[in-house]
Number of protein chains: 2
Amino acid sequence: MPQKRVSIKDIAEAAGVSHPTVSRALRGEGRMSDETRQRILELAQEMGYTPSLVARGLVTQRSHLIGLVITTFADPFHNEVVQGVEEEAIRHGYDIFVASTGVNAEREKEVVRSFQGRQVDGIIVSSSRVGDDYADLLQETGIPIVLINSHVAGSHFHAVHHDDYAGGCQLMAHLLERGYRRIAYLGNARAGKANTDRHRAWEDSLRAAGLAPGLAIYGPNGRLAGGVQAAEALLPAARERWGAPPDAICCYNDTMAIGAMAVLRRCGLRIPDDVAITGFDDIDVAAYLEPPLTTFHQPRHQLGVEAMQVMLSLLGQTNPHPPRQVRTLIGQLVVRRSS
Amino acid sequence: MPQKRVSIKDIAEAAGVSHPTVSRALRGEGRMSDETRQRILELAQEMGYTPSLVARGLVTQRSHLIGLVITTFADPFHNEVVQGVEEEAIRHGYDIFVASTGVNAEREKEVVRSFQGRQVDGIIVSSSRVGDDYADLLQETGIPIVLINSHVAGSHFHAVHHDDYAGGCQLMAHLLERGYRRIAYLGNARAGKANTDRHRAWEDSLRAAGLAPGLAIYGPNGRLAGGVQAAEALLPAARERWGAPPDAICCYNDTMAIGAMAVLRRCGLRIPDDVAITGFDDIDVAAYLEPPLTTFHQPRHQLGVEAMQVMLSLLGQTNPHPPRQVRTLIGQLVVRRSS
């Protein structure tokens, strides 16, 4: 094991015909008797011949395979993005293979190189840590790259992204309108542009309301444990600043908010009576928490669909340097009982 | 776009040498002057030549790529399984590409065929709906297949699985010991063996305690909405059977339990005072719910690691029909405040 794959040559030998004859029979082309064609097709089936998509790709220069790079399978944000990409891809006869990078820029480059070496037709990268560094790779190979929510600001690639700054401003407008004043920001030290945009939206909103400077505390990552750590550091910092807990916490994402909610409960603080809390993304579980979480809904499925649409349009072009395509989506504020 | 990949032939033409000379220079083999070798390597770099892993795989018959098939990226169960497989694979110089099937047996076969056509060295399938149907495919191609938690009973494949029956019995022993008597089962109509084993553990435990027949209600899937639907059907059914709500609900998995908890709260039932609830899997968020969820921890990461270990041992064998390898893991009961 592995057993050797049955080749066209094997079938040609068994059928007593030439290699090209078998190729033509399998493609349904060429002049030959129906009997010969029939015999070759039967032999191919008996012998367990499956056409190698790889070999076919080497000939046609098209593999109909798109590589999708995500940071981690553990982040529920990616689930629907992947499904959006997949659905659109399958609808157009493309396969999607997914690989993860673990929020590591070096590993991200390795994964992209691996996809390129395996001759995908295009690569979609979600939450890229690399961004413009792909310029060289793109130059070398010409394989189109589309970025979804790149964490690198000012990227010059084809891109689909969510307007996090506008989303963050809507969340803050909601909190300020409800009368919250001691609004802390719980940030993700590992995120790039997404965190910067959300942090900036919080800060600009506070400043416009005459409440700057605010109190921002960062967790080491955007996961549950990151939310717990940041919230544990926030409470004493807030006492020092305000002599009281924050009256609202604006979290980088829903997952951190879930971690922070556990800390608030453990400290005997009621949500939202003592402390309101908001997330970002609207992951599936957000509506099922106690209390259900106010958040900003990212159209994750649509981000995936549109990234694949940009990819399809690039694959359909003969221009080696097509004009840059950028699409910006904006989701919507979802007010629930946590605020 | 896509731009044509630079080939060895292109470099040979530019360097004014033969195709095999370029090949040997790139592999660091063969007799040639240092100057020639240097010139070829410089040209290859300037022209943006990247060795095709695919072409190399066609020659070496080894792609160092493993295809991993999961049902859906939306199920948090798969996250850690994927990470376990990946870590073990990377440690041994293999890449992992992941593709999803959407809990659809036909699509699962298509995805596996696609991996085979792209010449992966092996395929790992998590929560397979197909199981023994792979016998023909395996026969045809000889590409090793390892199943993780197959949903098909009696599969004859190399497999790593969790002992769900034993886990379900431990959960039930815990509930019975705490004095719960009206214990309902919330099932997943879409799951195969995993659901059957957990359902059977619940039923056998009830019978042994003299409490059979129990009340089992099924949701259309194992997701949040599936849990909501099943719980909404359960409450009136329980009133009819017992004149009261169940005093405990044993759920197929944590995700359904989260959906059911939302329904219980909406109906004014306190957890665990009025109704206790248990999940299965111990997904990350289970410990962060209010109340935190009692569940059975599946060693998901370890399931992935061991599946890859079985794969590596198969790839290391020359025997085309190696003896079947089956590993059974058992996780542990995690008691939290929901019961």
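So that the names make sense, note that chain A is the first sequence line, chain B the second, and so on, each numbered from 1.
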Task: Spacing of CG belonging to A:D95 relative to CZ belonging to B:R113, to within rounding of 0.5 Å - done: 13.5 Å

TODO: Give, as side chain, backbone, both or neither, the part of B:I258 having an atom under 4.5 angstrom from any heavy atom of chain A.
DONE: both

TODO: Counting only heavy atoms closer than 4.5 Å, note whether B:S100 contacts chain A via side chain, backbone, both or neither.
DONE: both

- [ ] Pull out the residues in residues 261-272 of chain B that come under 4.5 Å of chain A, heavy atom to heavy atom, sorted by number.
- [x] B:A262, B:R265

Task: For chain A, the option from B:L289, B:L224, B:T255 that forms the most heavy-atom pairs under 4.5 Å - done: B:L224

- [ ] Please flag which part of A:I90 lies under 4.5 Å from any non-hydrogen atom of chain B: side chain, backbone, both or neither.
- [x] side chain

TODO: Grab the two heavy atoms, one from B:N79 and one from A:F73, that are nearest each other, plus how far apart they are.
DONE: OD1-O, 2.7 Å

TODO: Indicate whether any N or O donor in one side chain lies under 3.5 Å from an N or O acceptor in the other, for A:T72 and B:Q83.
DONE: yes

Open item on the list: Run the salt bridge (charged side-chain N to carboxylate O under 4.0 Å, His left out) test against B:E86 and tell me which residues pass, sequence neighbours left out.
Closed with: none

Open item on the list: Under 4.5 Å from any heavy atom of chain A, what part of B:L68 do you find: side chain, backbone, both or neither?
Closed with: neither

TODO: Heavy-atom distances under 4.5 Å only: say whether A:V228 touches chain B with side chain, backbone, both or neither.
DONE: side chain

Open item on the list: Quick check on A:V285 against chain B: is it the side chain, the backbone, both or neither that has a heavy atom closer than 4.5 Å?
Closed with: both

Task: B:F97 and A:F97 aromatic ring geometry - parallel, tilted or perpendicular at 30°/60° bounds - done: tilted

Open item on the list: Please check: side-chain N/O of B:R118 versus main-chain N/O of A:R118, any donor-acceptor pairing under 3.5 Å?
Closed with: no

Open item on the list: So which residue, B:R107, B:H78, B:E80, ends up with the most heavy-atom pairs under 4.5 Å with chain A?
Closed with: B:R107

